[in-house]
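Fair warning: this is a prediction, and the values are worked out from it, not measured in the lab.
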Amino acid sequence: MKNVVIIGGGPAGLTAAYELLKDGGSEEYNVTVLEESGVLGGISQTVRYNGNRMDIGGHRFFSKDDTIMKWWSDLMPVQGSPAYDDKVLGRDKPLEKGGPDPETEDEVMLVRDRVSRIYYNHCFFDYPVTMNAETIKNMGFATTMKAGFSYLSSCVFKKPETNLENFYINRFGKVLYSMFFEGYTEKLWGRHPSEISADWGAQRVKGLSITAIIKDMFTKLIGVKNNKNAETSLIEQYWYPKYGPGQLWELVGSKVVQLGGNIRYNHSVEKIHTENGKITSVICKTESGYSEIKGDIFISSMPINNLIAGLDGVKCDKIKQIAAGLPYRDFVTVGLLVNKLELENKTDKKTLGNIVPDCWIYVQDKGVKLGRIQIFNNWSPYMVKDPEKTVWIGLEYFCAEGDDFWNMSDEECIAFAAKELIKMGIIKDGAVLDAHREKVKKAYPAYFDTYKHFDKIVSYLNRFDNLFCVGRNGQHRYNNMDHSMLTAINAVKAIKTGEIEKNSIWNVNTEKEYHETK
């Protein structure tokens, strides 16, 4: 039996554990998952509060990788929608009509319509921005003309893509960039786009541009659009667990335990011992003191800066400096239960209670700190205790651990968030019935400061034959859930075949198309 120690019980860590143990793997591998908190799922967990549920950051279950789509649907059946399933998986034979019934079955994926819009200057704009009559009306004819000529200019005079600002301008023109990307990006990262590496744009909005949007509109008009040939930011449907993303990861955790795996909660890895170019054990801080856990193979999804800081024997000061300087953006979600939104549903989408149909609303207004609004009713009505009479929303704020916003008390933060919504005209004073705040450290690995030297970190970590870095923080890459899972799947393949070369793991999500901007 080989002892495999997995650091982190998020999507990457749990995927690795399940992949190692299934199909008889429990006879070859003794798997231990170390989770520093008391819950599974990482940022993909579902928070329960007074009968309502919160999704931290929003998790659409969609991938252009059929392996991942099948992985999800094998674990949790998808609500019957043969047409959608054909589009996503490209199956010749549709699912049996009807499928699982979300009303009577708990472990089920719902098929949800994707609606995400931008709220700017008290008007809704499609996200990504489309040049339709409503957009022209909201922008005004003069601004629309300026945006059009600005885009044409960007097609002729390309800027060197040395930073994220130039990346966006090359694809959308200066006017649309200034309206819909500049302010939001600065909110997200706390840095102006001119200070951020274009690598972030190349990864997160690879295929998205005015040309892609026009192509998308055309394929929709002639009836040939589906999720398979659409840019990910332009997909129209996705899957979603009935009770939020954490439901699926809790299910995976239970299966890991059933297969013989061991999940240790409240185990925070602080030291990593090495010998002769291999990891030999980790020292964890637990509720009852410190514990040493030995292993033959180690899979890490912990933040790279903490990993390097915990490794003994790191003699290169340059590596320590690069790792210590890797930046992150922290995250706060404020859940507000309100009696009503002051936003009128002017779309043709039918919703419970006739609220606006958006799952996300991007807030471009520079006059507020708020970055995005989630409407949990629209992700799944089962996330809300009383979806017919109340609206349960999540207000997303990007900040830095230890800054003034992070250090607010719960009461101060909730009052601040409610005041911003009132200022924007989204709710009225007195609309808030209940509230809850969640704080997440290192939610978003960032692409500036010492990130430009990250290749040196990769080379250094690759020296340890029995160490496999996976997941968003484990690779310091702003991956979505499906790509984090693929890093774990590739790591398990390498472990099972004895492969020590790690390129297939590090190179997940480096292709030139795909991804969701969020």
Side-chain angles (χ1 to χ4, degrees), residues 1-10 12-21 25 28-36 42 256 261-286 290-320 322-324 326 442 454-477 484 487-506 508:
M1 293 283 284
K2 294 180 180 178
N3 294 314
V4 182
V5 177
I6 299 174
I7 305 172
L14 290 173
T15 298
Y18 183 64
E19 288 292 306
L20 280 166
L21 292 170
E28 187 174 354
Y29 301 101
N30 179 32
V31 174
T32 300
V33 178
L34 306 176
E35 170 52 44
E36 70 173 351
V256 166
N262 181 19
I263 298 178
R264 300 189 186 185
Y265 296 94
N266 301 305
H267 275 59
S268 177
V269 174
E270 296 198 350
K271 296 289 183 182
I272 301 101
H273 291 320
T274 67
E275 186 177 328
N276 298 325
K278 292 183 180 294
I279 311 294
T280 57
S281 68
V282 296
I283 304 295
C284 296
K285 183 178 181 180
T286 74
Y290 287 88
S291 173
E292 182 177 15
I293 300 170
K294 297 181 179 181
D296 304 304
I297 298 167
F298 292 80
I299 299 174
S300 173
S301 65
M302 69 187 292
I304 290 284
N305 62 347
N306 293 342
L307 175 66
I308 295 292
L311 276 168
D312 61 17
V314 181
K315 298 178 181 179
C316 179
D317 289 338
K318 181 67 174 177
I319 293 297
K320 292 179 181 179
I322 295 170
L326 289 174
K442 294 182 171 64
F454 188 67
D455 60 321
K456 293 180 174 61
I457 294 289
V458 173
S459 296
Y460 182 81
L461 293 174
N462 282 346
R463 296 178 185 179
F464 299 98
D465 292 347
N466 66 336
L467 173 65
F468 300 85
C469 294
V470 299
R472 176 181 280 194
N473 278 332
Q475 295 196 340
H476 200 84
R477 182 174 294 137
S484 292
T487 63
I489 290 171
N490 286 354
V492 170
K493 287 178 180 176
I495 289 168
K496 289 186 173 181
T497 60
E499 177 62 61
I500 62 173
E501 201 277 324
K502 314 285 179 59
N503 284 344
S504 65
I505 305 167
W506 288 107
V508 169

Is any side-chain heavy atom of [X] less than 4.5 Å from a side-chain heavy atom of [Y]?
X: Leu461; Y: Leu311; answer: yes
X: Lys496; Y: Tyr29; answer: yes
X: Lys278; Y: Asn276; answer: no
X: Phe298; Y: Val4; answer: no
X: Tyr290; Y: Glu270; answer: yes

How are the rings of Phe454 and His476 set to each other: parallel, tilted or perpendicular (split at 30° and 60°)?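 Correct class here is tilted.
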Whether [X] side chain and [Y] backbone form a donor-acceptor pair below 3.5 Å:
X: Ser301; Y: Ile7; result: yes
X: Gln475; Y: Arg477; result: no
X: Thr280; Y: His273; result: yes
X: Lys320; Y: Ala309; result: no
X: Asp296; Y: Asn3; result: yes
X: Asn466; Y: Ile279; result: yes
X: Thr487; Y: Gly471; result: yes
X: Asn473; Y: Lys442; result: yes
X: Glu28; Y: Met1; result: no

Does Val458 form a side-chain contact (heavy atoms from CB on, under 4.5 Å) with Lys456? I'd like the steps, not just the answer. CA-CA 5 Å; Val458 173; Lys456 293 180 174 61; over 6 Å; no
Give the intermediate values and the outcome of side-chain contact (heavy atoms from CB on, under 4.5 Å) for residues Ile505 and Cys469. CA-CA 8 Å; Ile505 305 167; Cys469 294; over 6 Å; no
Glu36 atom CD, neighbour heavy-atom count above 12 within 6.0 Å: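 Incorrect, the count does not exceed 12.
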Return the [atom1] to [atom2] distance between [X] and [Y], rounded to the nearest 0.5 Å.
X: Ile308; Y: Ile322; atom1: CD1; atom2: CD1; result: 9.5 Å
X: Thr32; Y: Ile263; atom1: OG1; atom2: CD1; result: 10.0 Å
X: Ser291; Y: Ile283; atom1: OG; atom2: CD1; result: 7.5 Å
X: Ser504; Y: Glu499; atom1: OG; atom2: CD; result: 7.0 Å
X: Ile500; Y: Leu467; atom1: CD1; atom2: CG; result: 12.5 Å
X: Asn490; Y: Glu19; atom1: CG; atom2: CD; result: 10.0 Å

Asn262 and Val31: CA distance, side-chain angles, deciding distance, side-chain contact (heavy atoms from CB on, under 4.5 Å) verdict: CA-CA 6 Å; Asn262 181 19; Val31 174; over 6 Å; no
Ile6: which of Ile297, Val470, Leu34, Val33 passes side chain to side chain contact (heavy atoms under 4.5 Å, CB included):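 By the side chain to side chain contact (heavy atoms under 4.5 Å, CB included) criterion, Ile6 pairs with just one of Ile297, Val470, Leu34, Val33: Val33.
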Taking atom types as modelled, find out whether Ser281 and Glu292 have a side-chain donor-acceptor pair closer than 3.5 angstrom.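 Checked: Ser281/Glu292 side chains pair up, N/O donor to acceptor below 3.5 Å.
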Looking only at the side chains, is there a donor atom on one of Thr274 and Asp312 sitting less than 3.5 Å from an acceptor on the other?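 Distance-only check passes for Thr274 and Asp312.
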Please report the closest heavy-atom contact between [X] and [Y], naming both atoms and the distance.
X: Val269; Y: Cys284; result: CG2-SG, 3.8 Å
X: Ala12; Y: Ser484; result: CB-O, 3.7 Å
X: Tyr460; Y: Gly313; result: OH-O, 4.1 Å
X: Gly474; Y: Trp506; result: O-CH2, 4.2 Å

